[in-house]
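Step one of this worksheet: look at the structure below.
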Amino acid sequence: MAKYDPPAVEAKWRDRWERDGTNRLDLDRAERPFYNLMMFPYPSAEGLHVGNVFAFVGSDIQGRYRRLLGWDVFEPLGFDAFGMHSENFAIKQGRHPAEMVPRNIEHFREDQLKRIGLMVDWSRQVDTTVPEYYRWTQWMFVTLLRNGLAYRARGQVNWCPGCKTVLAKEQVIDDLCERCSSRVEKREMEQWYFRTTAFQDELLDELDRLDWSERTKTAQRQWIGRSSGADVAFRIEGGPELRVFTTRPDTLYGATYMVVSPEHPVLDEITAPDRRADLEEYRRRAASISETDRQDEKREKTGVFTGAYAVNPVNSARIPVWAADYVLMGYGTGAIMAVPAHDARDHEFARKFDLPIIQVVSAPPGTPDVQREAYPGEGTLMNSGPFDGLEAKSQGIPRIIESLAAEGKAEPRTLYRLRDWCVSRQRYWGPPIPVIYCDKCGAVPVPEKDLPVLLPAIEDFRPDGSGHSPLRRHAEFYNTVCPQCGGHATRETDVSDNFLCSAWYFYRYPSTEFADRPFDAGRTRKWLPVDLYVGGNEHAVLHLLYSRWLCRALNRAGFLDFAEPYRRFVAHGIIVKDGAKMSKSRGNIVNPDDYVGAYGADAFRVYLMFMGSYLEGGDFRDGGVRAMKGFLDRLWAAAVPDPGGPPAGDGGNRRPDAAGPLSDAPPEGAETLFWLHSTIKAVGHDIERFSYNTALARIMELVNHLTRNRIRNREISGVLARLIAPFAPHLAEEIWESLGNSGSVFRSSWPSHDEECIRRPEVEYVVQINGKLRDRLKLAIGLTPEEIEPLVLSSPVVLRWIEGKELVKKIYVPDKLINLVVK
RNA sequence: GCCGAAGUGGCGGAAUUGGUAGACGCACGGGUCUCAAAAACCCGCGAGAUUUUCUCGUAUCGGUUCGAACCCGAUCUUCGGCACCA
């Protein structure tokens with residue numbers, strides 16, 4: 001055996017795993033299935049990002065650990081290769097995505113992913129761009145359409161001028177395109193939508209029961225954005241009824257004016273002739289203000305009086321109707337009742353235009369007067385006629401709705417922020433939407449037997465901003481015949497959003513060999529839902545929401561017998577470099593290949609997991625990887641039978657007794673047994689709670705103990721190999737083999753620990769006087785307070801502190817601490 | 001503005017339930033070895049002081065407790081989500 005040589009060891013085991021099919025799994029024979037899923041990457045031309053490696057390794061550790069615990073772990077990986085990320089890059093490089101993507105995938109898999117030692121079963125790779133896959137993506141579309149969950153509609157859409165396509169609301173971040181950061185424009189267009197709102201309540205309510213990272217659930221809750229309240233009808237004098245949505249029907253008596261959005265059509269009807277000119281001027285100005293500026297809440301409130309008056313249904317008060325752009329046409333009814341006493345926005349508006357402010361909810365003493373500041377909090381109703389004295393929110397809301405509902409003037413209503421998913425993309429690099437338009441038959445889904453609708457190989461694939469996909473320019477694709485009547489028809493030329501490809505990919509992995517169905521029923525029953533899903537939180541309202549929705553849709557349509565795709569989701573953190581976000585412009589991108597090449601994949605893996613919290617993210621520092629190589633060197637030296645000579649260039653200065661033979665006797669010595677068994681226990685526990693940095697710290701402590709005491713023992717080496725195996729799989733295999741074991745260490749089992757060895761006969765008690773540490777005493781465990789007291793009181797240090805003072809209280813924490821309170 | 005998470009040495013970060021603050025590692029300092037350097041190994045490493053020991057110390061201020069990084073209240077800062085959403 002030679003010294004630890006990562007390139008040789010890692011190459012050896014890469015080949016061995018491949019040759020022996022170590023990572024392959026017979027899905028049908030597996031007895032304890034565990035589906036360990038990681039979010040699949042898009043194969044960028046830049047290569048694997050260190051953030052990908054961080055994410056994958058953390059997931060792989062779970063898979064490998066579970067395998068050592070005896071589970072049949074299925075750990076697949078694939079490539080999310082359709083979509084604008086790939087296409088935009090191809091455009092920039094002046095290349096064709098169809099030519100680029102397969103090469104990128106090859107490079108990702110062969111040169112990068114296989115190098116980092118993931119326990120991936122590559123025989124089940126999924127590539128979303130091959131017809132064998134997107135055939136079923138199109139099948140999803142058709143199935144949704146047949147089940148009334150997809151529809152085509154004209155409406156306001158988000159248009160990215162950079163990517164020259166529409167986007168879903170989820171893909172617009174602060175008015176910018178999430179892909180290219182162009183400012184997104186509003187356009188009126190006809191597009192395909194998926195009815196995500198059909199399951200909004202279930203998607204929201206089920207979150208409470210999901211074993212997911214809390215921050216992910218919070219993000220999804222806020223995105224769905226349910227708010228309950230009521231619609232209330234106000235009669236306009238000499239005009240129609242105007243309905244408003246409010247979450248605070250309890251404050252109806254405080255409604256002193258109404259506001260309608262400038263776009264609201266009712267304005268044409270109700271505006272007084274002498275106010276018309278002002279209104280039109282205001283509407284023109286409002287229309288010219290960009291969406292962003294309009295939603296900037298720091299902007300001063302503006303508005304015009306319409307000359308109309310409405311009647312407050314609770315007290316028949318006559319209140320003016322204003323038009324103002326702080327009310328949005330797209331939410332609720334586009335009109336509100338304004339309660340300046342209890343809503344900050346209404347308050348600001350009322351102050352500016354000198355409208356009355358009437359308090360209807362009592363505020364606690366010390367709250368500023370409502371004439372000065374709105375009070376949105378709890379309280380009892382006042383100035384509210386028969387409802388005075390009711391607790392506003394809990395009693396006032398239901399009672400006031402009830403009383404108005406009797407006259408048909410109010411009804412409970414719940415609003416959502418969630419919008420249906422706009423899935424059309426006027427782009428090339430995606431699965432064509434499988435629909436045919438016929439003058440006679442309308443929009444006809446492509447029959448299943450005709451799927452896939454192949455994405456034609458065209459050279460001019462660049463988007464042109466015409467509002468149509470580049471496919472539209474190709475008559476041989478565009479023109480077709482109607483599958484129903486056989487008459488002339490045209491194809492839908494838009495492709496579907498890449499998030500549809502990724503909304504179902506995890507059903508495909510266990511069923512890759514079935515060409516005639518998207519997923520096999522038996523396989524799916526056995527392997528799904530996914531047991532553990534690890535990924536980035538940036539997909540909280542994108543992929544994770546879409547895939548939950550699609551799961552529900554497939555469940556509703558009878559294709560799945562479960563409605564939630566992931567049993568458990570864990571969001572990993574983001575890694576930064578030297579405290580700053582990694583970016584090309586900063587020039588601080590970490591290229592994994594450099595570190596894997598210099599120190600080995602195992603050292604790189606171990607460093608990524610050690611540098612910080614996996615769940616919170618960490619800070620990448622250059623020196624760290626080298627330090628972890630040093631740790632692996634020490635572990636190697638402590639564990640293998642013949643750790644080999646000193647490193648090259650060493651002048652023979654190695655301590656001669658550092659590497660004696662391994663002892664074959666059982667491990668001995670209370671101290672060593674304690675370290676051994678407490679480490680086994682702690683490492684397992686830490687892996688389970690994703691606390692990889694502390695798990696590694698524990699292994700380091702054990703190695704330090706062994707090295708310091710020159711302990712070299714075969715059984716302990718076997719434990720070390722298995723403890724480090726999830727983190728540094730190649731090294732673990734090599735150690736395991738060196739100990740004379742045949743076969744992979746991952747065919748062995750996680751070491752068990754003996755509680756007896758962890759319980760020490762003596763324990764160091766902390767002696768505190770008035771809560772301050774004054775002394776430590778080594779005492780036998782399990783002593784009673786009565787037995788301890790004389791021992792403590794005989795300590796000279798303790799005596800000095802309590803001398804001449806009165807002992808008023810004694811606190812005992814068994815086997816841990818004594819606190820004497822003196823006066 | 002609302003919701004969520006966080007703030008600990010020179011640095012990355014530990015601290016299961018309120019019970020020894022700073023595990024583990026980096027950097028740094030000293031030493032062994034060497035002609036020398038690197039590597040390896042050993043020792044030290046929160047601050048201060050009147051240095052066998054004591055005082056202070058987990059963003060700031062206050063509280064609860066025998067005892068607080070941890071619980072409570074207020075404030076500041078950072079990050080993430082939502083945001084004129086009625």
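Excluded from the calculations below are hydrogen atoms, water molecules and symmetry mates; all remaining heavy atoms, backbone and side chain alike, are included. Predicted model, so just to flag it, every value in this text is computed and none were measured. Naming: A, B, ... by sequence-line order, numbering from 1 per chain.
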Centroid-centroid distance, A/Phe620 to A/Phe54, less than 6.0 Å: no
Under 3.5 Å, N/O pairs linking protein and nucleotides 9-12 of chain B:
from, atom 1, to, atom 2, distance (Å)
B/C11, O2', A/Arg621, NH1, 3.2
B/G12, O2', A/Met611, O, 2.6

Residue whose nearest RNA chain B nucleotide is more 5′ - A/Gly630 or A/Ala697: A/Ala697
CG of A/Asn693 to CZ of A/Arg698, rounded to nearest 0.5 Å, is 12.0 Å
Less than 6.0 angstrom separating the ring centers of A/Phe631 and A/Phe610, yes or no? no
With sugar-phosphate meaning primed atoms plus P, OP1 and OP2, does A/Arg221 contact a base, only sugar-phosphate, or nothing at under 4.0 Å between heavy atoms? nothing
For A/Glu671, check side chain to side chain donor-acceptor pair (under 3.5 Å) against everything at least two apart and list the hits. A/Arg760
Is the distance from the ring center of A/Phe604 to that of A/Tyr599 below 6.0 Å? no
With a 4.0 Å cut-off on heavy atoms, is A/Lys681 in touch with a base, just the backbone sugar-phosphate, or nothing at all? nothing
Would you call B/U64 syn or anti, using the 90° rule around 0? anti
For B/U60 versus B/U8, give the span between their C1' atoms, rounded off to a whole number of Å. 15 Å
Residues passing the side chain to side chain contact (heavy atoms under 4.5 Å, CB included) test with A/Ser227, sequence neighbours excluded, are A/Phe245, A/Thr247, A/Tyr331, A/Leu415
Do any N or O atoms of the protein come closer than 3.5 Å to N or O atoms of nucleotides 4-8 of chain B, and which pairs are they?
none

Is the glycosidic torsion of B/G12 within 90° of 0, making it syn, or is it anti? anti
Taking A/Tyr282 for the side chain and A/Thr302 for the main chain, is one N or O donor matched with an acceptor at less than 3.5 Å? yes
Pair assignment for RNA chain B - dot-bracket with | for other-strand partners, Watson-Crick or G-U under 3.5 Å: (((((((..(((......[....))).(((((.......))))).((((...))))..(((((..]....))))))))))))....
Between B/C26, B/A86, B/C24, which nucleotide has the shortest distance from any of its atoms to the side chain of A/Asn704? B/C24
side-chain N/O A/Arg774 vs B/U55 OP1/OP2, d < 4.0 Å: yes
With rounding to the closest Å, how many angstrom separate the C1' atoms on B/A68 and B/G62? 14 Å
Expressed as a whole number of Å, how far does the P atom of B/C11 sit from that of B/G48? 15 Å
Scan A/Arg634 against the nucleic acid and name what it touches under 4.0 Å (heavy atoms): base, sugar-phosphate only, or nothing. sugar-phosphate
For B/U17 versus B/U65, give the span between their C1' atoms, rounded off to a whole number of Å. 16 Å
Rounded to the nearest 0.5 angstrom, the CG-CG distance for A/Leu723 and A/Leu702 is 7.0 Å
Does A/Arg689, at its CZ atom, have more than 12 non-hydrogen atoms belonging to other residues, nucleotides or ligands within less than 6.0 Å? yes
Going by the rule side chain to side chain contact (heavy atoms under 4.5 Å, CB included), which residues pair with A/Arg226 if we only count those two or more places apart in sequence or in a different chain? A/Asp201, A/Leu204, A/Asp205, A/Thr414, A/Tyr416
Measure from the side-chain heavy atoms of A/Lys301 and tell me the nearest of B/A86, B/C84, B/C82. B/C84
How many angstroms lie between CZ in A/Arg413 and OG1 in A/Thr246, if you round to the nearest 0.5 Å? 12.0 Å
Could you encode protein contacts along nucleotides 46-53 of chain B as a string, one character per nucleotide from 5' to 3', using B for base contact, S for sugar-phosphate-only contact and - for no contact, with a heavy-atom cut-off of under 4.0 Å? -------S
Could you check whether A/Asp619 pairs with A/Arg621 (Lys NZ or Arg NE/NH1/NH2 to Asp/Glu carboxylate O, under 4.0 Å)? yes
Identify, with sequence neighbours excluded, every residue that meets ring-ring contact (aromatic ring centres under 6.0 Å, His included) alongside A/Phe234. none
For A/Asp815, check salt bridge (Lys or Arg N to Asp or Glu O under 4.0 Å) against everything at least two apart and list the hits. none
Partner set under salt bridge (Lys or Arg N to Asp or Glu O under 4.0 Å) for A/Arg351, not counting sequence neighbours: none
Between protein and nucleotides 65-78 of chain B, map the contacts as a letter string: B base, S sugar-phosphate only, - none, heavy atoms under 4.0 Å, written 5' to 3'. -BS-----------
Tell me which of A/Ser691 and A/Glu701 sits closer to the 5' end of RNA chain B, going by the nucleotide each one is nearest to. A/Ser691
For A/Lys816, enumerate each residue passing the salt bridge (Lys or Arg N to Asp or Glu O under 4.0 Å) test, keeping only those at least two apart in sequence or located in another chain. none
Contact class for A/Arg226 (heavy atom, under 4.0 Å): base, sugar-phosphate, or nothing? nothing
